[in-house]
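Only one structure is covered here, and it is reproduced in the block below.
Chain identifiers are assigned alphabetically (A, B, ...) following the order of the sequence lines, protein sequences preceding nucleic acid strands; residue numbering begins at 1 within each chain. Side chains included, hydrogens not; waters and symmetry mates left out as well; all remaining heavy atoms used. It should be emphasised that the depicted structure is a prediction, and the values quoted were computed from it without experimental measurement.
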Amino acid sequence: MDNLNSQYDPKITEEKIYAFWTKKGFFDPDKIKPRPKKNFSIVLPPPNITGSLHMGHALNSVIQDILVRYYRMNGYHTVWLPGTDHGGISAESVVGKKLHKEGINKFELGREKFLEKVWEWREEYGNKILAQLKKIGASCDWSRTAFTMDPGYIKAIDKAFIHFHEKGWVYRAERVVNWCPRCKTSLSDLELEHSEEKSSLWHIKYPLLGDEKKFVVVATTRPETMLGDSAVAVNPKDIRYKDLVGKNLVLPIANRVIPIVADSLVDLEFGTGAVKVTPAHDLTDAEIGRRHNLPVIKVINENARMADDVAVAYRGLKAAEARQMIVEELTAAGLIEKIEPYVHQVPKCYRCNSTIELIPSKQWFVKMEDLSKTAIKAVRSNKVRFHPKRWEKVFFDWQRNTRDWCVSRQLWWGERLPVWFCQKEPDNYVVSAREPKKCPFCKKCAMERSTDVFDTWFSSALWPFASFGWPKAAKDLDNFFPTSVLSTARDIINLWVARMIFCSLELTGKIPFSDVIIHATVLTKDGRRMSKSLGTGIDPLLLIDKYGADGMRFGLAWQITESQDLHFNEDNMLAGKKFCNKLWNASRFALMQLQGAKAREYSADTEPAAAAKDTRLILKKLKKIEKSVSKKIESYAFGAAAKELYEFFWHDFCDIYIEKAKVAIRDAKSPKEADNLRASLIYVLANSLKLLHPFIPFITEEIYSIIPVKNKKPLIVENWPKI
RNA sequence: GGGCGUUUAGCUCAGUGGCAGAGCGUUCCGUUCACAUCGGAAAGGCCAUAGGUUCAAAUCCUAUAACGCCCACCA
């Protein structure tokens, strides 16, 4: 009789079922006949090739898979496109470190050879996360897997840049940028992390020119940058300094004469109200410098050491060393008024954690004014909706006063800017996807392509359409773009989501997706961020090993709420596993009730004509949750949907109905009555399996394949209950 | 400095105007059985604090506190 073993083994079943789905091609919408009319598409936020799976990915994959399976069962032409990101700076840094361990220096190796090594890395580890996602049960269409350095994709990158250039939004300028002295590249503001550091606030006396017994005292956290000061600024409203504005000071040590200027950017309350202006190494100072036409004196170089422009004694010193010498020298000269302890936020590179230097550097920028407006408009008009809605605010706040986007990086790994320089007159350039045949400037030289590459986020900003083939006209683009939903983490709302919105609108004229789900961050039980480097990370594969993919999925799914954080607790996975066990055994029981009856198939589409009160009740409840689970999935309330299903199946169905049916079948007065009860059991079970499938796809598929249901298809492509 | 979030049972969390809930843990009872990964029962909560609105507040409003996160050109 018993077609189901008394023990369910997720390891064996999950592997078998995933292979079955793959072999049948159910993930590929083109293989599903007849072709459904409505489309539903999701692009997987492409993990970068140095990453490996963590609980955040697991959570996000579960969310996306629930949606994709739900819409697939609802008859949508459904695709979930997977892929990876080349991960510019992080890949370069990881491969660099690996080579370093092998005793190979990246710069000695040279660009070409280094890139070969990165490609090797990608071959070996680049699809690691994608392979891991299969274990979770992600129903991605692997035949459409994309990569942000695919030959077609890089055409999209060039095309986008050229488009922005033609719009007049691209410019090249020497600006103060965030510079990582270890990665040797510029970084955008969004690529910084801040950490609090204890430091000092040095109050330094700058003598007044002509009357050197008088001083203006400035407060600074970085005395070494005084070598690059080109003014002292005060607030125009500050009566303390009213008479001094326009007069000059003698900059100690450097012995230069610098003016006192008035600028409203200066805060009256902070320090002494007088600020040293170093246009080369501070953004506010750069702004003040522009307004007052002050010279930019670069005193710190790309290696975070003192530059060649400073006095010989300091040249080549680390900033900290120079600071110490300068403070000593000032102290000896009696020019330090006081030193206060001070705590401030120091910017760090988000990849290598080095302290960022602000230095002037020639970079490429995209003007953000119009693009930001476009993005804001799309969200304000509800064409793009955030879930939960409060994340709109994070988006708006940034977009309202964003600075121009520095898109160039001094890395090797990535698409090089489609910019060609004249070798004779290196300030002249042409923007073109192809190498110009003839230099339009000197008419002679072979033009040289820029050695800068694009910011990784410039390429990932094109993901929802470039992954479907843009800029080429492609069938997939027509079918699946704009996509339906994007599910991602909150920390990349501006880094990534916003940029996809404006790039998409500008380049394709369409929104990239209509709904953005910002999911919770997975924290440890005691509220720390899960991270491998902190040793707080938990590998989802370990949990799959313990609880099965279904158990882990259910455990995650029913914790999904709109609240901000998700304190990870393994008990939930245990609950998930137990639920699967319950499902398994209830199904075994249902099959046992068919014993002794004539073998036949039962309908999962038509409600049995129910006489008994208990049956009517369970059917009514089933109808109710079919509606509410659908509604909850469509509104992304996955946790509530999972809980409702749990409650229904375990309590209404198992604890109550099954117990009553057990007796009723045994005591049935006629074969017809018994058959009706059996039909009801199978009907409720089959429809429960459908409702549960998006959450726990493996075990539901396995059970569904065994129970005697009329006209059934594999559950993954079965029809969702009609509501 | 600005913003956001959280605060409910021992633990992890649901619950947005109508008798305080779940999972795990704890205690007691139960293995003539679908499932001990189970069933039945029980204990356990001034819903952070203080005011307010309301017939009625965990839920709405105001303030406060603790914790967490994000943003920021106070050098």
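- Within 4.0 Å (heavy atoms only), A:E570 reaches no atom of the nucleic acid at all.
- Of the P atoms belonging to B:G2 and B:A63, the separation is 14 Å, rounded to the nearest Å.
- Residue A:E644 places no side-chain atom within donor-acceptor reach of the base of B:A14, judged by atom type and a 3.5 Å distance cut-off alone.
- For B:G39 and B:U49, the C1' atoms lie 43 Å apart once the distance is rounded to whole Å.
- Using a cut-off of 4.0 Å between Lys/Arg side-chain N and Asp/Glu carboxylate O, A:K624 and A:E644 are scored as not salt-bridged.
- A:D491 comes within 4.0 angstrom of nothing in the nucleic acid, heavy atoms only.
- A:W650 comes within 4.0 angstrom of the backbone, heavy atoms only, and of no base.
- Using a 4.0 Å cut-off between charged nitrogen and carboxylate oxygen, A:K631 and A:E634 do not count as a salt-bridge pair.
- For the atom pair A:N569 CG and A:Q559 CD, the distance stands at 7.0 Å (nearest 0.5 Å).
- Heavy-atom neighbours of A:K348 NZ from other residues, nucleotides or ligands within 6.0 Å: above the threshold of 12.
- If you check every strand for non-hydrogen atoms under 4.0 Å, A:Y547 touches nothing.
- Residue A:A586 is classed as a base contact, given a heavy-atom separation below 4.0 Å to a base.
- Here A:F579 lies out of heavy-atom contact (under 4.0 Å) with every strand.
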